[in-house]
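The structure appears right after this line, and notes come after that.
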Amino acid sequence: MTVGRLEGDTFIFPIRVYYEDTDAGEIVYYANYLKFAERARTEFLRYFNIHQSELLKQDRIAFAVRRAEADYRKPAKLDDLLEVHTRLVKLGGASLEMEQILKRGEETLVCVKVRIACIHLEGRPVPIPHDIKQVFMKMLGVHNGK
């Protein structure tokens, strides 16, 4: 079962902050926001029945982060319930760009912009598989009002 929901062109994934996510001051360690974003991207794919383990086994391809940029605005704390809002913003032949906003209620804590490359396990870029690209194009269509 996939955790999370789709609202328009945005996939929303809930995350609870556990003790292991925090530093001595019970504030989320900065690198863990990237882990939260990664989990949300994985669940985004699962929501559309795209399983990375199957892509690895069957096609020997993976989605790999090529670039990530994070803007830390406010800290999350132990026991906070967060939501990661994930939205596809750009689609290329072998890459895509996503915007992820980590929120506590209506409060924006961190904004992450990430560029993902579709790669063969040998390390070279490969085109995003057609069926997956169709899903992404539909997402962009919702975003562009088509």
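At a threshold of 4.0 Å, the pair R104-E107 counts as salt-bridged, since one of the basic side-chain nitrogens sits closer than that to a carboxylate oxygen. Salt-bridge check for D131 with K133: failed, with every basic side-chain N at 4.0 Å or more from each acidic carboxylate O.
Proximity of a side-chain donor or acceptor of R87 to a complementary backbone N or O of I101 within less than 3.5 Å is not detected. At distances below 3.5 Å, not a single donor-acceptor pair connects side-chain atoms of E97 with backbone N or O atoms of V89.
Side-chain atoms of S95 and R115 form a donor-acceptor pair, as typed in the model, at a separation below 3.5 Å.
In this structure, L56 is not a member of the same hydrophobic cluster as V126, with clusters built from ILVMFWY side-chain heavy atoms closer than 4.5 Å.
Sorted pairs that involve residues 77-121 and meet ring-ring contact (aromatic ring centres under 6.0 Å, His included), not counting sequence neighbours, are lacking altogether. Under the side chain to side chain donor-acceptor pair (under 3.5 Å) criterion, no residue pair touches residues 13-34, with sequence neighbours excluded.
Applying the side-chain hydrogen bond (donor to acceptor under 3.5 Å, both in side chains) rule to R66 yields no partners; only residues at least two apart in sequence or on another chain are considered.
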Legend entry - CA sep, side-chain torsions, deciding dist, call: E83, R5, salt bridge (charged side-chain N to carboxylate O under 4.0 Å, His left out): CA-CA 11 Å; E83 288 185 334; R5 67 190 187 279; 3.2 Å; yes
Legend entry - Test salt bridge (charged side-chain N to carboxylate O under 4.0 Å, His left out) applied to R41 and E38, step by step: CA-CA 5 Å; R41 288 193 305 275; E38 176 74 32; 2.5 Å; yes
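Within the 4.5 Å cutoff, the side chain of I61 has heavy atoms near those of the C118 side chain. A heavy-atom distance below 4.5 Å is found between the side chains of Q52 and L45.
Taking CG from L55 and NE2 from H51, the interatomic distance works out to 9.5 Å, rounded to the nearest 0.5 Å. Expressed to the nearest 0.5 Å, how far OG1 of T86 lies from CE of M139 amounts to 9.5 Å. In this structure, the separation between CE on M98 and CD1 on I116 is 7.0 Å, given to the nearest 0.5 Å. Taking CG of L88 as the start and CG of D9 as the end, the distance is 9.0 Å to the nearest 0.5 Å. With rounding to the nearest 0.5 Å, the separation of OH in Y47 from CZ in F13 is 14.0 Å. Taken to the nearest 0.5 Å, the CG atom of D80 stands 10.0 Å off from the CD1 atom of I27.
Ring pair F11/F44 is perpendicular by interplanar angle, where above 60° counts as perpendicular and below 30° as parallel.
Nearest heavy-atom pair across L109 and P75 is CD2-O, 4.2 Å.
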